[in-house]
Amino acid sequence: PVAASGQNAPLDGTLKKIADDGVVVIGYREASIPFSYYDDAKNPVGYSMDLTAIILDRIKAKLGKPDLQVRKLPITSQNRISLLQNGTIDFECTTTTHNASREQQVDFSNTFFAIGTRLLTRKSTGITDFPDLKGQNVVVGAGTTSEILLRKMNADQGMGMNIISAKDHAESFLMLSTGRAKAMMMDDALLAGERAKTKDASEFIITGTPQSREAYGCMVRKGDAQLKKLLDETLAELQTSGKAVAIYDKWFRSPIPPRGLNLDFALSDDMKALFAAPNDKILN
Amino acid sequence: MIALKNVSKWYEDFQALHDCSVAVEKGEVVIFCGPSGSGKSTLIKLINGLEDFQKGDILFKGKSIRDRDVRLPEWRRRIGMVFQHFELFPHLSVLGNLTIAQQKVLKRDAAEAEHKAMALLDRVGLRAHAGKYPSQLSGGQQQRVAIARSLSMDPEVMLFDEPTSALDPEMISEVLAVMVELAQEGMTMLCVTHEMGFARQVADRVVFMDAGTIVETAGAEAFFSAPQSDRARDFLGRLLL
Amino acid sequence: MIALKNVSKWYEDFQALHDCSVAVEKGEVVIFCGPSGSGKSTLIKLINGLEDFQKGDILFKGKSIRDRDVRLPEWRRRIGMVFQHFELFPHLSVLGNLTIAQQKVLKRDAAEAEHKAMALLDRVGLRAHAGKYPSQLSGGQQQRVAIARSLSMDPEVMLFDEPTSALDPEMISEVLAVMVELAQEGMTMLCVTHEMGFARQVADRVVFMDAGTIVETAGAEAFFSAPQSDRARDFLGRLLL
Amino acid sequence: MGYNWNWGVLLQPVATGEGATYLGWILHGLLLTAALTLAAWLLALLVGTAFGILRAWPSRLCDAIGATYVSLFRNVPLIVQFFIWFFVVPEVLPTAIGDWIKSITPSTQVFVVSVLALGFFTGARICEQVRAGIAALPPGQLQAAQALGFRLPQTFRHILLPQCFRRILPPLTSEFLIISKNSAVASTIGLLELSGQARQLVDFTAQPYESFIVVTLAYIGLNIVILRLMEWIQRRIRLPGMMGA
Amino acid sequence: MFALEWDTILAARSIIGAGIAVTLQVTLVAIVGGIAGGTVLAMLAVSGSRPLQLFSKYYVALFRAVPLVMLLLWFFLIVPQILRAVFGLSPSVDIRLVSAMVAFVLLESAFFAEIIRAGIIGLSKGQFHAAAALGMTRYQSMRYIILPQAFRAMLPIMMTQCIVIFQDTSLVYVISLGDFFRNTVSIGERDGTLVPMLLLAGAVYWAICSGLSGLVRFLQNRTAS
Ligand SMILES: Nc1ncnc2c1ncn2[C@@H]1O[C@H](COP(=O)(O)OP(=O)(O)OP(=O)(O)O)[C@@H](O)[C@H]1O
Ligand SMILES: Nc1ncnc2c1ncn2[C@@H]1O[C@H](COP(=O)(O)OP(=O)(O)OP(=O)(O)O)[C@@H](O)[C@H]1O
Ligand SMILES: [Mg+2]
Ligand SMILES: [Mg+2]
């Protein structure tokens with residue numbers, strides 16, 4: 001009965017475009033474990049991809065087009081907004097943090113994941129929290145919220161850190177594992193994913209007080225209320241029905257492809273709160 | 001056939017031709033001579049539309065080169081030209097040099113063009129060299145190929161700009177022989193040359209130029225036996241030394 | 001002073017010198033002549049250690065160039081050399097050309113080197129041109145600077161390799177005049193030249209070469225008036241034509 | 001296309017709270033690009049000349065050493081060379097040295113690595129120019145110098161090289177221009193020169209057009225300045241009576 | 001750290017293969033498109049028309065002033081929608097590949113234009129006159145007389161430029177396009193074998209490029225003699 005009212009409204013925005021083209025294009029990330037990354041057959045898989053698949057089923061149902069073509073395009077943190085704005089992709093649910101400056105250019109759906117930004121370090125360094133980073137080399141992903149926070153902290157508290165901006169997660173982790181950086185700051189869930197890649201995962205720990213809490217949302221074009229509504233409803237239903245927890249367990253608490261590693265990453269309080277009360281708020 | 005009327009030409013600031021007028025009738029052979037830098041090459045190039053000019057007019061069969069419906073490529077096609085340095089196309093065989101313009105400009109088919117080319121090569125005595133490349137020929141042979149190439153376009157007039165002055169002495173005669181033959185067959189010819197023996201033999205008229213002006217125009221016999229101007233006398237004197 | 005003993009030299013497979021022997025005393029002026037390619041330049045270069053040789057020996061004041069304690073730069077410093085194409089250093093002024101080797105090789109200080117240079121420029125009549133660059137001088141002037149440059153190293157012998165053959169006729173005499181003066185001052189000189197007038201004037205002996213061998217060595221007067229060998233006679237005959 | 005132009009963003013304080021504006025970042029990037037270009041060009045000149053002399057030295061062994069250098073540094077893409085200098089060299093050096101390198105301030109590290117990578121890469125090209133420049137000199141020049149008693153090193157230093165450099169000055173200055181563009185590759189190892197700043201601005205401001213336009217204009221401006229500088233140098237160094245002066 | 005793990009490389013051969021395919025595609029398109037565009041620009045540069053000459057001149061100056069890295073980023077980050085519109089691409093086409101190809105074609109056009117223009121200018125004026133005197137139009141003389149000679153004269157330089165292009169394609173790294181180099185690096189990062197993988201990439205490029213340069217020298221010597 002909820003969906004029925006939507007079906008009566010005339011299509012507009014992206015949904016109309018999808019209906020007209022008979023094609024929907026989604027964005028994915030190539031190396032954001034465990035949200036969106038390649039399995040052995042070079043297919044994008046992950047927590048975000050599972051959500052995307054469910055959303056796509058919803059779109060097909062809404063448009064009454066079970067044979068709607070789905071195309072997938074790899075995106076990066078640098079081109080995702082451009083590609084969405086210029087119509088190359090129709091929406092993306094990957095690992096994009098919902099924040100105020102991005103709201104200038106795009107709209108965000110309900111939050112589908114909440115993270116805290118923390119540290120990954122070798123146990124042997126003895127680093128346990130941010131104050132330990134004084135005078136050290138620390139790596140962050142270029143253009144991430146973590147970079148902004150870390151540089152701010154460095155400037156405000158005169159910590160004398162040398163901050164390395166790496167272009168992606170893999171490079172960040174390379175800096176850490178080769179000893180160029182003592183610690184790596186990033187979204188904790190992604191840190192868990194990076195750590196799981198390496199053969200000596202047990203030597204690394206995720207540590208430190210979260211410096212920020214961030215909400216991942218799906219990006220849609222600005223003003224595209226109809227698509228946003230569909231995404232919001234779909235995500236809310238998954239979260240309140242408990243299906244979202246099942247998907248979470250599949251990717252964060254069980255062995256995942258390609259190497260059968262287990263991230264063993266417990267459901268955070270923020271996530272529990274989110275699943276209890278779906279919303280599209282910016283976390284602070 | 002060809003007429004220049006008060007033509008003046010400047011290269012930027014430098015005036016290369018001053019108010020030149022010449023008229024050449026069909027079948028006439030006119031020789032242009034004069035000291036280096038006097039404007040002979042420039043004048044020849046103007047007739048063929050290879051250089052622009054600023055004043056006066058040039059007519060071919062009564063039609064001005066400035067006429068709105070004159071298309072320069074067609075104009076040039078009807079006027080043959082032979083250069084001092086042959087200017088054969090080095091990337092094409094002798095046969096290729098003779099057929100390419102026939103095919104691309106006159107749209108003759110390959111067989112027809114080749115037939116015509118071979119006939120002309122025969123005429124200049126180079127049939128056996130059709131498959132060679134220009135660099136494999138002597139200067140005299142190259143110049144004969146160049147003449148044949150011009151003729152392949154069925155020109156109504158032929159222009160020659162010092163066709164033998166880049167040649168070793170022993171090759172000059174073989175080129176001049178071809179030109180004499182052409183003249184005798186009645187081709188209208190305008191020819192810059194310092195070969196006075198040749199000029200005497202074929203010229204109807206001689207045009208003497210100096211410093212961009214036409215100093216004297218005379219019948220060939222009259223010019224060689226009794227040039228009117230001092231400058232021509234001087235020039236001939238030095239030439240015959 | 002200088003002695004070549006049975007010297008043979010090969011450029012790869014080609015034998016440029018066959019078993020050449022010459023001895024030059026202090027203060028002697030010896031002229032080398034012979035047709036092109038006869039090995040004159042090669043011989044001169046060997047004396048200065050600018051080319052290697054395979055057989056025989058070369059002595060300078062009794063010391064062999066092959067001696068273990070001979071240092072070639074020092075050897076060359078003591079023997080002056082003037083080249084056909086002057087080989088002035090185009091990036092240095094005339095003064096710079098004359099001082100650089102004094103400063104860098106002989107370690108003279110700047111003032112001393114310049115003083116010496118100016119004196120030598122005076123001697124070759126070019127004091128006024130000290131500040132110019134080689135390309136701003138005529139060929140004859142350049143060659144005189146080159147001679148002055150050689151002299152600035154206080155050589156004990158001077159070698160000349162056709163010092164005037166790259167010059168326009170009107171400049172030859174100004175260079176020869178400098179060389180005559182040198183000879184008269186008692187400089188030991190080995191000189192490749194075709195200037196027979198000069199040779200007659202200054203030569204103590206003439207060495208005639210052909211095809212890499214020394215065909216004839218004679219006193220100057222004897223050589224010019226009555227050359228012994230057919231080849232020398234032939235050569236002189238063609239030269240005087 | 002739904003883009004919100006906002007040129008004012010360039011004058012906003014940066015999101016990292018470091019007290020700069022985004023335009024300030026770009027200017028800083030421009031400065032780094034200029035410094036990197038100059039340093040790399042000087043290194044390239046040094047390295048290229050050294051190996052160029054080796055190639056021109058009358059010794060087969062020296063020539064072979066020079067030729068090997070050129071072959072190695074010309075036949076491997078620049079970005080690969082950057083990565084090798086940055087990631088491989090510290091690992092193949094003795095562990096103590098490698099660790100010391102890695103502990104240097106990262107921004108210094110990437111700058112030095114960039115100078116080395118660009119310098120040695122361009123040095124290979126300059127090496128060939130020097131070799132050709134010396135080979136083009138009349139052989140009599142070497143002989144004339146030797147006849148005056150110059151030793152071989154002196155001959156190169158005082159006679160051959162000064163002439164060679166005057167001849168190859170135009171290509172040498174073009175190399176300067178080429179380095180200024182190749183320096184953008186340094187952003188791949190994290191140096192925040194001009195192009196690196198362009199990307200950083202995209203990340204931080206979500207206003208890609210503004211930052212790209214400004215940075216591209218900065219490159220064009222740099223290019224024009226270098227061209228003028230090249231003309232000036234070439235005029236200055238011309239000898240009277242040579243090279244069309 | 002230095003030992004190449006051949007079995008992991010072997011396991012990743014499909015990724016490396018895909019990378020090589022991308023490298024070759026970009027190289028090939030850059031060469032073909034660059035020569036075509038360069039020819040057009042060179043012809044504009046020697047055309048009689050002042051505006052066309054200026055266009056060619058400023059095009060070349062502009063593209064030679066901007067680093068390739070910036071150019072690649074422009075087409076990838078900033079104007080992909082223009083590419084889509086111009087080429088009528090379907091939404092599923094990997095825009096990175098198209099961006100790279102377009103950036104390379106535009107840039108290499110400028111480089112080839114300079115080379116070809118030098119080749120044309122190197123021809124004597126007599127050849128232009130001879131072609132014109134036979135009645136050929138401007139286009140015909142270019143097509144049949146001038147360009148064939150210019151290309152022949154510039155062949156060694158053009159071939160050298162092709163090798164440079166092959167090397168430069170590795171810069172598609174900056175737009176995350178998986179060419180040979182980037183995929184090699186990714187495997188290295190993934191397996192912790194970055195050092196040997198980088199050395200491997202360097203060795204492969206070196207072998208190919210020095211082989212090709214040798215070939216160019218060989219051809220040059222053969223045509224010279
Ligand atoms: N393209 C040009 N630009 C400027 N000046 C030119 C050009 N072509 C020719 N001139 C000048 O025009 C004058 C006439 O030249 P032209 O070649 O017509 O003389 P010419 O009589 O053919 O001499 P020659 O016997 O040496 O061939 C000369 O002073 C020459 O320097
Ligand atoms: N560097 C070299 N390599 C190979 N052969 C050489 C070399 N230099 C000279 N030759 C050859 O050695 C022979 C003697 O040359 P040289 O220059 O000594 O003759 P020359 O008597 O000075 O002649 P000219 O009067 O022409 O200067 C010539 O056949 C010459 O071709
Ligand atoms: Mg002429
Ligand atoms: Mg000689």
Side-chain angles (χ1 to χ4, degrees), chain C residues 41 44-45 47-52 71-94 96-107 131-138 142 145-146 148-155 157-161 166, chain D residues 45 49 52-53 56-63 129-173 233-245:
Chain C
S41 299
I44 290 286
K45 282 187 208 152
I47 295 175
N48 213 1
L50 292 175
E51 295 269 6
D52 228 356
R71 289 180 53 252
L72 268 183
E74 171 63 10
W75 178 285
R76 292 180 186 133
R77 204 273 309 149
R78 294 166 63 197
I79 301 178
M81 173 137 185
V82 175
F83 297 84
Q84 179 173 9
H85 293 104
F86 333 138
E87 305 298 352
L88 293 182
F89 305 134
H91 61 298
L92 298 174
S93 68
V94 166
N97 266 277
L98 265 70
T99 52
I100 185 156
Q102 291 189 61
Q103 294 184 251
K104 304 302 172 189
V105 176
L106 296 179
K107 312 288 180 203
K132 288 195 182 165
Y133 280 81
S135 56
Q136 298 171 307
L137 301 181
S138 75
Q142 289 189 52
V145 172
R149 183 176 67 178
S150 269
L151 292 175
S152 74
M153 304 305 288
D154 300 322
V157 186
M158 288 284 287
L159 311 178
F160 294 83
D161 188 6
Chain D
L45 220 52
T49 307
I53 292 172
W57 205 262
S59 142
R60 269 180 210 283
L61 179 67
C62 291
D63 185 27
Q129 288 159 8
V130 169
R131 185 188 61 79
I134 291 176
L137 296 175
Q141 288 285 310
L142 173 71
Q143 293 185 345
Q146 295 195 326
L148 286 170
F150 279 104
R151 284 175 290 112
L152 206 49
Q154 288 179 314
T155 308
F156 271 83
R157 160 78 184 77
H158 297 294
I159 308 302
L160 301 183
L161 287 177
Q163 293 185 54
C164 166
F165 277 116
R166 282 188 171 79
R167 271 168 196 256
I168 65 172
L169 193 71
L172 283 186
T173 46
I233 294 175
Q234 287 180 22
R235 260 202 316 275
R236 283 272 331 240
I237 208 149
R238 233 175 245 164
L239 284 179
M242 280 184 79
M243 296 202 288

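Residue numbers begin at 1 in each chain, while the letters A, B, ... track the order of the sequences.
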Tell me whether the rings of D/W57 and D/F156 are parallel (<30°), tilted (30 to 60°) or perpendicular (>60°). parallel
Show your working on side-chain contact (heavy atoms from CB on, under 4.5 Å) between C/I100 and C/V105 and close with a plain yes or no. CA-CA 8 Å; C/I100 185 156; C/V105 176; over 6 Å; no
Proximal component of [X], with respect to chain D [non-hydrogen, under 4.5 Å]:
| X | result |
| --- | --- |
| C/L88 | backbone |
| C/K132 | neither |
| C/F89 | both |
| C/I79 | backbone |

Residue among C/K45, C/R71, C/R76, C/R77 with most heavy-atom pairs under 4.5 Å to chain D: C/R76
Looking at chain C, which one of D/R151, D/Q154, D/Q146 has the largest number of heavy-atom pairs inside 4.5 Å, strictly under? D/Q146
For C/Q103, all residues meeting side chain to side chain donor-acceptor pair (under 3.5 Å), sequence neighbours excluded: none
So, using side chain to side chain donor-acceptor pair (under 3.5 Å) as the criterion, who are the partners of D/R157 when residues are at least two apart? none
Could you tell me if D/Q163 and D/Q141 have a donor-acceptor pair between their side chains, going purely by distance under 3.5 Å? yes
